[in-house]
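What follows is one structure encoded as structure tokens, with my remarks underneath.
Just the heavy atoms: all of them, side chains too, but no hydrogens, waters or symmetry mates, feed the values below. Chain identifiers are assigned alphabetically (A, B, ...) following the order of the sequence lines, protein sequences preceding nucleic acid strands; residue numbering begins at 1 within each chain.
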Amino acid sequence: MTPKDTKRTEGQLMATEDELRQIRLNKAARLREMGVLPYPNDWRTNPELEDKRRSVVELAADESARSALPVEDELSEDAPQMPLFGRVIAKRGPFLVIRTPHGDAQALVRPEKLSERDAALLKLVDLADHVMVEGPVIRTKTGALAVSARRYEHLGKALLPPPAKWHGLKDVEKRYRERYVDLFANPAVAEVFRARTVVVQSLRRFLDALDFLEVETPLLHVTRGGATAKPFETHHNTLDLELILRIAPELYLKRLLVGGFDRVYEIGRAFRNEGISTKHNPEFTILELYMAYATHEDLMDLAVDMIRAVDAELRARFPELTAERAFDLSADWKRVTLRDSIAERLVRAGREGVPKTTWTDKLSHEAIDDPEALANACNAMLAKLGPVAQKQLEHCETHGERLFAIFEQLVEPDLTALYRTGDGSQTVPVFITEYPIEVSPLARSNDDDPAFVDRFELFIDGREISNAFSELNDPDDQAARFEGQLRNRERGDEEAMDFDADYIRALSHGLPPAAGFGLGVDRLIMLLCNQPSIRDVLLFPLLRPENE
RNA sequence: GGGCCAUUAGCUCAAGUGGUAGAGCAGUGGAUUCUUAAUCCAUUGGCUCCAGGUUCGAGUCCUGGAUGGCCCA
């Protein structure tokens with residue numbers, strides 16, 4: 001005992017976290033002395049109780065409906081007993097505010113209305129405990145709803161104090177690390193994750209209605225393919241086999257088209273061993289769909305319909321969350337070739353909110369289709385670029401690679417300035433089409449110009465949401481593309497794909513003419529729910545572990 | 001990878017130029033018991049992120065590190 005401790009009277013313990021915990025442990029012990037378990041498991045809900053609880057909470061939020069409720073003194077003898085159970089988040093006078101998945105409602109808990117046992121239990125309640133009350137629903141003097149408790153049960157002890165009731169939990173790191181607290185302390189956060197589920201369900205509903213078959217393909221892959229990215233590596237002991245976590249499901253899904261499923265999709269996790277940012281988490285959710293007897297142009301139409309349908313459902317269910325929008329999904333979605341987007345960027349530089357850059361001086365409109373002029377322009381730019389952009393440009397060996405690099409560096413950052421509604425108030429979704437063949441190893445080349453492929457990427461509010469193309473189903477062409485990837489690997493490209501011999505064999509059995517579409521589900525949710533960081537739409541984003 | 005910012009009680013935040021670390025909420029004891037961030041009285045609670053340094057004296061200044069956020073590449 002330190003001298004400080006001796007000054008304390010009983011009941012005046014220090015309020016460090018350990019001692020706040022000890023105070024609650026002491027209350028748990030007193031529950032045990034009363035013959036009540038601190039963590040009981042013998043109280044059960046059922047559909048009927050659940051419906052009643054939901055109706056109580058909904059009534060509590062409905063000002064006009066609750067005005068018809070009786071006050072305590074007007075209660076009839078046979079007033080129905082309604083349940084309210086959940087977590088205590090505030091104590092106000094003789095009221096407990098109880099949080100449920102449907103919202104908050106309050107209980108009026110007066111000891112004289114309870115049995116001696118229940119009144120004694122009530123004395124031991126702490127904020128954040130799980131409790132259940134039952135009694136008639138009344139209107140309070142201030143017009144609020146309350147369940148006037150005739151029965152009180154302790155359902156579970158919280159040993160740690162909840163965050164401040166008014167401010168909630170604000171510490172961003174703590175919110176991500178202790179999402180369980182974030183969710184019950186900040187209802188707006190929980191709302192985002194409910195919205196997330198609605199988006200995913202809505203995607204499924206849309207595709208199911210079009211007779212797409214939802215499938216599950218392996219997460220453990222032997223070869224890297226379907227995207228260009230660094231994988232996570234792992235090992236299977238029994239087979240003594242090096243495996244990677246999939247970077248995309250693409251090649252398995254297309255095998256299923258060979259197998260005769262003409263419309264398939266998968267919503268699942270993909271893993272990329274890359275940086276973490278507000279737009280990147282090492283594991284993320286991807287939707288990929290494949291459709292036989294369709295082209296990438298059909299999938300543009302499908303993408304518009306699908307995203308509009310999802311958004312309509314989301315907006316109907318979450319009007320507040322979706323109120324602020326920098327983009328307009330109801331406008332006509334632009335379709336621009338990659339080369340035209342560069343040309344447009346150059347022509348409009350310095351006008352209409354489209355900024356000038358050093359590229360604007362070095363690169364002429366005519367150079368876009370002239371390999372030598374483009375290479376010269378790139379060389380002239382090199383010194384002006386940052387290290388990463390410089391590296392990307394230096395690695396370019398072909399006209400197509402240069403076009404793609406220029407698109408990424410020059411056009412992509414200013415897409416929101418380039419494509420806007422007529423009055424300029426909002427951005428418009430844009431499909432960028434005709435990608436160079438070199439950067440599209442799985443896409444079908446264009447029949448009229450084999451240097452480009454039948455592919456698009458969809459950008460909404462400047463953010464890349466989707467990538468899609470008509471599928472390459474010529475096995476010899478695909479084999480040559482894989483060879484090209486291997487050469488890139490030798491050039492030092494760690495993201496290049498492997499040669500997938502089984503996939504070539506699958507194509508050799510005949511992949512029907514088809515098109516495929518991939519969508520970053522987390523990014524779509526960020527966009528539609530107006531969330532600035534991918535961590536705000538992932539329940540448990542990857543963080544460096546805490547020490548200790 | 002680079003730059004900027006942040007880290008103080010369980011939570012939310014204060015502490016001009018270096019001078020005894022404070023408040024609200026939560027907690028504890030009591031009063032009250034139809035409250036709406038309940039109120040009233042009393043009261044507990046600190047390795048000021050970590051490790052060094054400068055100084056008579058560091059939450060504050062310097063160096064290094066940790067974690068997080070934002071921006072740039």
Send over the distance from [X] [atom1] to [N] [atom2], rounded to a whole Å.
X	N	atom1	atom2	result
A:Leu160	B:C11	CG	P	10 Å
A:Gln22	B:G45	CD	P	17 Å
A:Arg177	B:U7	CZ	P	18 Å
A:Lys279	B:G69	NZ	C1'	14 Å
A:Ile534	B:C70	CD1	C1'	17 Å
A:Arg175	B:U12	CZ	P	11 Å

Of all the choices, [options], which nucleotide is nearest to the side chain of [X] once you look at every atom?
X	options	value
A:Arg535	B:G27, B:A73, B:G69	B:G69
A:Ala164	B:G24, B:U67, B:G69	B:G24
A:Arg544	B:A38, B:G69, B:G68	B:G68
A:Asp171	B:A73, B:C71, B:U12	B:U12

Pairing nucleotide - [N], Watson-Crick or G-U, each distance under 3.5 Å:
N	value
B:G16	none
B:G64	B:C50
B:A21	none
B:U33	none
B:G27	B:U43

> A:Arg196 side chain to A:Val537 main-chain N or O, any donor-acceptor pair under 3.5 Å?
Replying inline: yes
Look at the side-chain N and O atoms of [X] and state whether any lies under 4.0 Å from the OP1 or OP2 oxygen of [N].
X	N	result
A:Arg92	B:C25	no
A:Lys174	B:C11	yes
A:Lys165	B:A26	yes

> Can a donor-acceptor pair be found between the side chains of A:Asp536 and A:Tyr176 at a distance below 3.5 Å?
Replying inline: yes
> Between A:Asp18 and A:Gln22, does any side-chain donor sit less than 3.5 Å from a side-chain acceptor?
Replying inline: no
> Are there more than 12 heavy atoms of other residues, nucleotides or ligands under 6.0 Å from atom CD of A:Glu324?
Replying inline: no
> Would one find more than 12 heavy atoms of other residues, nucleotides or ligands at under 6.0 Å from atom CD of A:Glu112?
Replying inline: yes
Using nucleotides 30-34 of chain B, report all nitrogen or oxygen pairs with the protein that are shorter than 3.5 Å.
residue : atom : partner  : partner atom : Å
B:C34   : OP2  : A:Arg110 : NH1          : 2.9
B:C34   : OP2  : A:Arg110 : NH2          : 2.5
B:C34   : O2   : A:Lys141 : N            : 2.6

>> Applying a 4.0 Å non-hydrogen cut-off, can you work out what A:Lys27 is touching in the nucleic acid: base, sugar-phosphate, or nothing?
In response: sugar-phosphate
>> Mind checking if A:Leu169 touches a base, just sugar-phosphate, or nothing, with heavy atoms under 4.0 Å?
In response: sugar-phosphate
